[in-house]
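Following: one structure in structure tokens, then a few remarks.
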Amino acid sequence: MNMHKYEKIWLYLGSATLLFFLIVVGVSAFYMGNQPPSCAVTLDPEKVRDHELFKEPGLKQIGENEYQLTIVASAFNYDVGTDDKVIEVPKGATVHISSTTTDVIHGFEIAGTNVNMMLEPGYISTLTNTFKNAGTYTLVCNEYCGVGHHMMAATIEVVE
Ligand code: CUA
């Protein structure tokens, strides 16, 4: 098959670009640990508080250096299980995060980390994260959810 020179150039260029971006995605996923959040599990959005996970939101130790963090979002609050909305997480621990919303769609972003999920009514959003650096992180809602959207936040203290 005879191919025009320009066609060959574009074919190589296209293939190289594809390969380059696949490598970027691969490095991001397997080396830097960027994983998409999962929302494969459903629940009745009207009965979030009856669900085993969300009866008592907050941080629970489930193994050696392994924790389960559950948070219930609602307009315009994150119920993290504490009155001051501060959660203390040990540095380097594996934290399995589960969250959902009791009303509208909310965001779930822990600024400065890879944690960024959308909370949809009827779905449990989950993501596993290890906080590698100590410090104060802010959990913010990044989906516009109403008049109190800008006040929707909580604090995560990563301690040594
Ligand atoms: Cu919740 Cu914006």
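In listed order, ligands and their atoms are each counted from 1. From a predicted model like this one, the values you see are computed outputs, not experimental measurements.
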| remark: Closest to atom 1 (Cu) of ligand 1, among the N/O/S atoms of His106, is atom ND1

| query | Between the side chain of Ser38 and the main-chain N/O of Thr126, is any donor-acceptor distance below 3.5 Å? | reply | no

| task | For Glu157, look at atom CD and say whether over 12 heavy atoms of other residues, nucleotides or ligands are found less than 6.0 Å away. | result | yes

| request: To the nearest 0.5 Å, tell me how far His96 NE2 sits from Thr70 OG1. | output: 13.0 Å

| query | Would one find an N, O or S atom of His150, in either backbone or side chain, under 2.8 Å from atom 2 (Cu) of ligand 1? | reply | no

| message | Parallel, tilted or perpendicular: which one describes the rings of Tyr78 and Phe108, with boundaries at 30° and 60°? | response | perpendicular

| Of all N/O/S atoms in His149, the name of the one nearest atom 2 (Cu) of ligand 1 | ND1

| query | Between Ser125 and Glu120, is any side-chain donor less than 3.5 angstrom from a side-chain acceptor? | reply | no

| message | If I consider every N, O or S atom in Glu143, which one ends up closest to atom 2 (Cu) of ligand 1? I only need its name. | response | O

| task | Could you tell me whether any N, O or S atom belonging to Met152 is less than 2.8 Å from atom 1 (Cu) of ligand 1? | result | yes

